[in-house]
Number of protein chains: 2
Amino acid sequence: MPFQNEFFKSAFSVDNIIFGFDSENLKVLLIKRAYDPFMGEWALPGDLVRPDEDLDEAAFRVLDELTGVKDVYLDQVHTFGGVNRHPKGRVITVAYYSLINIKNVSIRAASFADQVAWKEIRSIDKLAFDHYEIMQTCLKRLRRDVKFRPIGFELLPPKFTLTELQRLYESVLEQDMDKRNFRKKILSMNVLKHLEEQQQNVAHRPAMLYSFDSEKYASAKENGFIFEL
Amino acid sequence: MPFQNEFFKSAFSVDNIIFGFDSENLKVLLIKRAYDPFMGEWALPGDLVRPDEDLDEAAFRVLDELTGVKDVYLDQVHTFGGVNRHPKGRVITVAYYSLINIKNVSIRAASFADQVAWKEIRSIDKLAFDHYEIMQTCLKRLRRDVKFRPIGFELLPPKFTLTELQRLYESVLEQDMDKRNFRKKILSMNVLKHLEEQQQNVAHRPAMLYSFDSEKYASAKENGFIFEL
DNA sequence: GCAAAAGTGTTTTCATTACACCCATGT
DNA sequence: ACATGGGTGTAATGAAAACACTTTTGC
């Protein structure tokens, strides 16, 4: 299998679908493109992978440049390689999705973007390149993953109420859930730490705060426990 | 995001994990490499993606060249892009897995391989490049998918007995199942066609033959039915 | 005192598991 | 007649779903 030059006329990129949650709706971070092609249109943040960079590294770099956050949940989803997906040449792109707490982040325009903004998922109906398809694929993946892994917590602040957690799941899965059953189930999993702390300044009975207990989760998983919502 | 030349010094390939089942064990199709690097070692079949070829096309092509079969189940799994995964340059590879009926296939050596052979999964402990890791990732994926989609049938001949189907699931999932419960469940899904035909020449009561009924499955799926084993 | 969300158990329904014997065929 | 795998039902258990009222706070 000798290497021929024609095979080296291609490039690869990563594109990030960065999900966030604002206590109401599931959102995704988009950029307005500053260059052709698709100048002025909304697109997923992404970049070409550098020659000395692993794929995951590239995805983390894009995320960091845009949001300043590191150490977040990030997972590869799918690689899109249609011959004509990029008008300027053969570029295959590896799609990643990440989950971040929207409040920890002050987004900043990067070199490749005029504007950066959180957009409600449901309001998006087109994006540059094949990015709309990529977003839908990642959304589908998120919906599947969130039921089988405790990743929802990544979208919330460290301390949260059970109702916030429920709203998050309802928003991601686009289905309502029963309050009592939700609590029963999530608490029975024994992955939450019940804090001795309440909400402040709310015009109703204040809710107790919880945090995700990664130690409990790790040891439960050791014993064959499977998170499933 | 201008295109710079240094980004075009890389190549991408596809690698196929081709699963088969011989009524006993889960197997995977491997090649013995005819060229350096890793000449003489067992590896996954794969090839560089051609400039005018979609990723999926490339995966189908590799499969076809090796086995002569088309129209089989094939799914993208993950993209491996470590900087040094290929000793001769930057090559990222997109891994696919496919499921084929081992008896329909007469494997043939391809240009890039001396030998081609079905190897029992459990007997494999190393492969060229990062192919062992790739195989493990695909195996994990197969084990997950097979529980949620009716893909197991792809590994069997068109007509099969319920026991064969059960052995397949046991072999893929590496766990024994109860005969009565397995039958009850798979039959209650209503995706099998009960044929008026039996096994021949077996030294025991002949089993009834079944086939997968893709029409029943399609219409059940329309109505929100979810296959789950 | 009223609005707003928090918190809390029981019953019903359904799916999963565990389990043992007779049947049809080839040799 | 014996060895081999084929084929069948029921009872017990546990998980999921449905469902309504009291509590605490801010205004």
Side-chain angles (χ1 to χ4, degrees), chain A residues 21-25 146-148 156-157 159-171 173-211 220 223-229, chain B residues 21-25 146-148 150 156-157 159-171 173 175-211 220 223-229:
Chain A
F21 180 68
D22 66 356
S23 314
E24 294 267 330
N25 292 297
V146 87
K147 286 184 149 181
F148 294 102
L156 293 171
K159 298 173 181 182
F160 49 84
T161 70
L162 294 182
T163 301
E164 284 168 339
L165 186 59
Q166 183 178 342
R167 293 276 172 276
L168 166 63
Y169 275 95
E170 288 176 336
S171 166
L173 298 174
E174 289 194 330
Q175 60 176 251
D176 291 349
M177 297 178 180
D178 178 88
K179 182 162 60 161
R180 281 180 287 194
N181 293 338
F182 179 82
R183 283 162 185 248
K184 207 187 310 171
K185 191 159 188 177
I186 201 84
L187 289 174
S188 75
M189 287 181 186
N190 219 36
V191 296
L192 295 184
K193 191 182 290 170
H194 185 141
L195 305 173
E196 301 300 324
E197 207 175 330
Q198 296 185 329
Q199 279 182 314
Q200 300 291 330
N201 304 316
V202 285
H204 55 78
R205 175 171 173 179
M208 295 302 299
L209 294 174
Y210 289 79
S211 65
N223 303 326
F225 158 81
I226 295 167
F227 180 94
E228 188 181 341
L229 196 87
Chain B
F21 180 68
D22 67 353
S23 316
E24 295 266 330
N25 292 297
V146 86
K147 286 185 150 181
F148 294 102
L156 292 171
K159 299 172 181 182
F160 50 83
T161 70
L162 294 181
T163 301
E164 284 169 337
L165 185 60
Q166 182 178 343
R167 293 275 172 276
L168 167 62
Y169 274 94
E170 288 176 336
S171 168
L173 298 174
Q175 58 177 251
D176 290 349
M177 298 177 181
D178 178 88
K179 182 163 58 163
R180 281 181 287 195
N181 294 338
F182 178 82
R183 284 162 184 248
K184 205 187 312 172
K185 192 158 191 178
I186 200 86
L187 290 174
S188 75
M189 288 180 186
N190 219 38
V191 296
L192 295 184
K193 190 182 291 170
H194 185 140
L195 305 173
E196 300 301 324
E197 210 176 327
Q198 297 186 328
Q199 280 182 312
Q200 301 290 331
N201 304 315
V202 284
H204 55 77
R205 175 173 173 178
M208 295 303 298
L209 294 174
Y210 290 79
S211 65
N223 303 327
F225 158 82
I226 296 167
F227 179 94
E228 187 180 340
L229 197 88

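A, B, ... follow the sequence lines: proteins, then strands. Residue 1 opens every chain.
Across all strands shown, B/Thr163 has heavy atoms under 4.0 Å from sugar-phosphate atoms exclusively, and none from any base.
Contact check for B/Lys147 versus B/Leu173: side-chain heavy atoms found under the 4.5 Å cut-off. Annotation: side chain of A/Leu229 is not in contact with side chain of A/Val146 (no heavy-atom distance under 4.5 Å). A heavy-atom distance below 4.5 Å is not found between the side chains of A/Phe21 and A/Glu164.
Between the side chain of B/Asn223 and the backbone N or O of B/Phe225 there is no donor-acceptor pair closer than 3.5 Å.
Of the options A/Thr161, A/Val191, A/Leu187, A/Leu156, a side chain to side chain contact (heavy atoms under 4.5 Å, CB included) to A/Tyr210 is made by A/Leu187 and by none of the others.
Here the C1' atom of nucleotide D/dA20 and the NZ atom of A/Lys179 are 11 Å apart, to the nearest Å. Atom CZ in B/Phe182 sits roughly 12 Å away from atom P in D/dG6 (whole-Å rounding). The CE atom of B/Met208 sits 13 Å away from the P atom of D/dG6 (whole-angstrom rounding). Spacing between atom CZ of A/Arg205 and atom C1' of D/dT25 amounts to 10 Å, rounded to whole angstrom units. A straight line from CZ of B/Phe160 to P of D/dG6 spans 14 Å, rounded to a whole angstrom. What separates CG of A/Asp178 from P of D/dA15 is a distance of 18 Å, to the nearest Å.
Residues from residues 185-202 of chain B lying near DNA chain C, meaning a heavy-atom separation below 4.0 Å, are B/Lys185, B/Val202 in numerical order.
Ranked by how close their nearest DNA chain D nucleotide is to the 5' end, A/Arg180 and B/Lys184 are led by B/Lys184. The residue among A/Ala203 and A/Arg183 whose nearest nucleotide of DNA chain C is located toward the 5' end is A/Ala203.
Taking CE of A/Met208 as the reference point, atom CD of A/Gln199 lies at 10.5 Å (rounded to 0.5 Å).
For the residue pair B/Phe182 and B/Met177, the shortest heavy atom distance occurs at CD1-SD, 3.8 Å. The two residues B/Gln198 and B/Pro206 come nearest to each other via the heavy atoms OE1-CG, 3.5 Å.
Side-chain atoms of B/His204 lie closest to D/dT4 of the nucleotides D/dC19, D/dT25, D/dT4.
When the side-chain hydrogen bond (donor to acceptor under 3.5 Å, both in side chains) test is applied to A/Thr163, the partners found at least two apart in sequence or on another chain are A/Arg183.
Chain B approaches DNA chain C within less than 4.0 angstrom (heavy atoms of the protein), and the contacting nucleotides run 5' to 3' from C/dT16 to C/dG26.
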